[in-house]
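Working notes, beginning with the structure itself.
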Amino acid sequence: MKGLIDKLYGTSSLDRDEYIELINGHSEDDSKYLFSLAVKRREEHYGNKVYVRGLIEFTNYCKNDCFYCGIRRSNKAAERYRLTHEDIMICCEEGYKLGFRTFVLQGGEDPYFTDDKICAIVNDIKTHYPDCAVTLSIGEKEHKSYRAYFDAGADRYLLRHETASSEHYKKMHPSEMLHSHRIECLYDLKSIGYQVGCGFMVGSPYQTVENLADELIFLKGFMPHMVGIGPFISQHDTPFAHEKSGTLDQTLFMLGLIRLTLPKVLLPSTTALGTIHPLGREKGMLAGANVVMPNLSPVSVRKKYLLYDNKICTGDEAAECKNCLAMRMKSIGCEVVTDRGDSKVL
Ligand code: 5AD
Ligand code: FES
């Protein structure tokens with residue numbers, strides 16, 4: 001397998017069968033080899049720098065009903081909350097003092113937050129903190145909404161496509177949710193001028209090795225600025241409550257493959273990875289990731305934004321997230337930096 005990994009390192013792409021062979025047949029030694037080349041590639045472009053993004057989970061109301069997600073509308077057990085405009089500004093103020101220069105506003109698809117409300121929030125953040133980037137992660141919208149947020153000052157947008165296969169998509173979503181629309185949204189966002197992040201869960205129900213290979217081919221074609229991946233983790237109040245979760249090894253291997261396939265991409269080591277293993281996020285960095293997204297939401301709501309079970313950083317110690325992460329990153333030779341951390345993908 002080392003030959004295939006060398007080829008990927010040399011050319012930044014493999015064909016579908018080669019990806020399948022690697023994902024299917026790699027040994028522990030192959031993984032180590034992949035990670036060493038992935039870290040080398042990350043260091044060529046970003047040195048030992050880790051970019052931080054302050055995540056503000058501002059609403060857990062959602063009109064959608066994804067089978068895997070703990071805040072789906074049918075989950076009557078979810079305790080719903082919304083942050084106010086002022087709450088969000090306070091999160092940013094605290095985040096700015098802590099050194100964050102990117103704020104990620106993430107939420108369910110919540111009709112309460114009209115385009116006008118979102119634009120007012122984005123505008124307020126950009127007016128108070130002109131040196132900061134604002135990232136939105138609020139789901140599928142129409143072109144004119146994306147346009148309005150961009151004109152209000154939003155810089156980036158995260159929308160995981162969840163899977164590159166429309167058949168696989170149908171097995172994880174109710175029929176009113178269309179894979180084609182989600183992909184259209186991604187192209188729309190790019191055409192407007194956002195730095196765009198897509199992504200998927202590793203080990204999600206019904207996912208095959210072929211699907212994973214197709215993810216890499218999709219990424220290569222779409223050329224996102226960012227890619228968010230993490231293991232699927234079952235949530236006890238969803239239709240997928242009893243499905244197996246994704247594994248650490250599988251997720252790390254995909255991170256390594258993504259770093260070599262898209263050398264300059266911004267690649268977060270996600271909270272979900274930190275949830276399935278105590279050192280998951282450190283291991284993610286050592287497989288090629290270069291971004292961490294600590295939670296800036298008020299501690300009082302963190303136990304409510306539960307997309308999956310056993311999420312970390314939801315307890316009383318959570319206010320210390322940034323320091324804790326900085327220490328963790330230092331322990332593996334990485335340095336957390338205070339700047340916007342824009343993508344080097346053109
Ligand atoms: N396990 C892991 N990730 C999940 N997400 C949603 N539900 C789960 C789960 N059970 C991810 C989806 C979504 C992102 C915000 O969180 O990929 O796009
Ligand atoms: Fe909210 Fe999937 S449940 S977008």
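One-based numbering, in listed order, for ligands and for the atoms of each.
- Lys141 and Asp188 are not joined by a salt bridge, as no carboxylate oxygen comes within less than 4.0 angstrom of a charged side-chain nitrogen.
- Here the protein heavy atom with the shortest distance to atom 2 (C) of ligand 1 is Pro231 O, 3.3 Å.
- In plain terms, the two heavy atoms of Glu109 and Ile138 that are nearest each other are CG-O, 3.6 Å.
- Of the possible donor and acceptor atoms, one in the side chain of His179 sits under 3.5 Å from a partner among the backbone N and O of Thr163.
- Of the protein's non-hydrogen atoms, the one nearest atom 11 (C) of ligand 1 is Arg160 NH1, 3.6 Å.
- At a heavy-atom distance under 4.0 Å, atoms from both the backbone and the side chain of Cys66 approach ligand 2.
- More than 12 heavy atoms of other residues, nucleotides or ligands lie within 6.0 Å of NZ in Lys220, so this atom counts as buried by the packing criterion.
- Arg73 and Glu176 are joined by a salt bridge, as a carboxylate oxygen and a charged side-chain nitrogen come within less than 4.0 angstrom of each other.
- Which parts of ligand 1 touch Phe232 is read off a 4.0 Å heavy-atom cut-off, strictly below it: atoms 1 (N), 2 (C), 10 (N).
- For atom 8 (C) of ligand 1, the nearest non-hydrogen atom of the protein is Met201 SD, 3.8 Å.
- Arg147 has a carboxylate O that lies under 4.0 Å from a charged side-chain N of Asp151, or vice versa, which qualifies the two as a salt bridge.
- Residue Cys62 has at least one heavy-atom neighbour below 4.0 Å for each of these atoms of ligand 2: 1 (Fe), 3 (S), 4 (S).
- Looking only at heavy atoms of the protein, atom 7 (N) of ligand 1 is closest to Tyr68 CD1, 3.3 Å.
- Here the protein heavy atom with the shortest distance to atom 18 (O) of ligand 1 is Glu162 OE2, 2.5 Å.
- Contact between Leu267 and Ala289 at its shortest, heavy atoms only, is O-CB, 3.2 Å.
- Ionic pairing of Asp342 and Arg156 is present here: one or more N-O contacts between side-chain nitrogen and carboxylate oxygen are shorter than 4.0 angstrom.
- The closest non-hydrogen atom to atom 9 (C) of ligand 1, taken over Leu158, Thr238, Ile233, comes from Ile233.
- Under 4.0 Å from ligand 1, not a single heavy atom of Gln235 appears.
- Per-residue contacts place Cys69 under 4.0 angstrom from the following atoms of ligand 2 (heavy atoms of the residue considered): 3 (S).
- The proximity of Cys66 to ligand 1, defined as any non-hydrogen pair under 4.0 Å, does not occur for either the backbone or the side chain.
- The only member of Glu44, His45, Glu43 that meets side-chain hydrogen bond (donor to acceptor under 3.5 Å, both in side chains) when paired with Arg41 is Glu44.
- When only non-hydrogen protein atoms are considered, atom 15 (C) of ligand 1 lies nearest to Leu307 CD1, 3.7 Å.
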